[in-house]
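If you're wondering where the values come from, they're calculated on a predicted model, not measured in any experiment. Numbering of residues begins at 1 and proceeds along the displayed sequence.
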Amino acid sequence: MIECPMNDSENAQIPEPLSPAEQAFRDRCLKLFSRVDAENPDKGIAALLERAKSRAKESSIPYETALDQIYQEAEERTERRIELLMQCAIDPEKIDRDLD
């Protein structure tokens with residue numbers, strides 16, 4: 001088993017003020033995370049913002065491109081989570097109502 005060291009995203013906080021691109025990213029993520037009733041969406045968003053900054057730096061891509069990539073990955077993970085929740089749901093109609 002490979003152990004992963006704790007990183008700063010564990011205690012991440014959203015920086016203020018946000019750039020327009022970061023604010024749009026935050027708004028999109030809040031909407032996405034609300035679909036799965038995330039416990040602490042700001043913590044997740046802060047971690048994703050840090051991941052986007054790292055990716056932009058490491059891959060030499062524009063920060064906005066990294067934000068888009070990170071959002072797409074988060075959206076795919078969220079969709080997979082919703083599919084799993086739907087498979088386990090006692091009342092799938094309740095989940096459908098909550099997604100609207």
Exercise for the section: Count the heavy atoms belonging to other residues, nucleotides or ligands that lie under 6.0 Å from CD of Glu39, then report whether that count exceeds 12. Expected result: no
Problem - Pairwise side-chain hydrogen bond (donor to acceptor under 3.5 Å, both in side chains) hits with a residue in residues 54-64, at least two apart - result: Glu22-Tyr63, Arg55-Gln69, Arg55-Glu73
Handout entry: salt bridge (Lys or Arg N to Asp or Glu O under 4.0 Å) partners for Asp68, two or more places apart
Key = Arg28
Exercise for the section: To the nearest 0.5 Å, tell me how far Ile82 CD1 sits from Leu84 CG. Expected result: 10.5 Å
Completion exercise
Smallest heavy-atom separation, Leu48 atom then Cys29 atom, equals CD1-SG, 4.2 Å
Problem - Pairs involving residues 75-84, ordered by first then second residue, that meet salt bridge (Lys or Arg N to Asp or Glu O under 4.0 Å) (sequence neighbours left out) - result: Arg35-Glu79
Handout entry: Non-hydrogen atoms of Ala66 and Ala52 that approach each other most closely
Key = CB-O, 3.3 Å
Fill in the blank from the handout: Scanning both residues in full, the closest heavy-atom pair of Pro41 with Leu30 reads CB-CD2, 3.9 Å
Fill in the blank from the handout: Rounded to the nearest 0.5 Å, the OH atom of Tyr71 sits from the OG1 atom of Thr78 at a distance of 7.5 Å
Practice task
Report yes if some heavy atom in the side chain of Phe25 is under 4.5 Å from a heavy atom in the side chain of Leu18; otherwise report no.
Solution key: no
Problem - With Asp37 via side-chain contact (heavy atoms from CB on, under 4.5 Å) - residues at least two apart - result: none
Practice task
Apply side chain to side chain contact (heavy atoms under 4.5 Å, CB included) to Leu67 and Leu49, showing your working.
Solution key: CA-CA 7 Å; Leu67 285 172; Leu49 287 169; 3.7 Å; yes
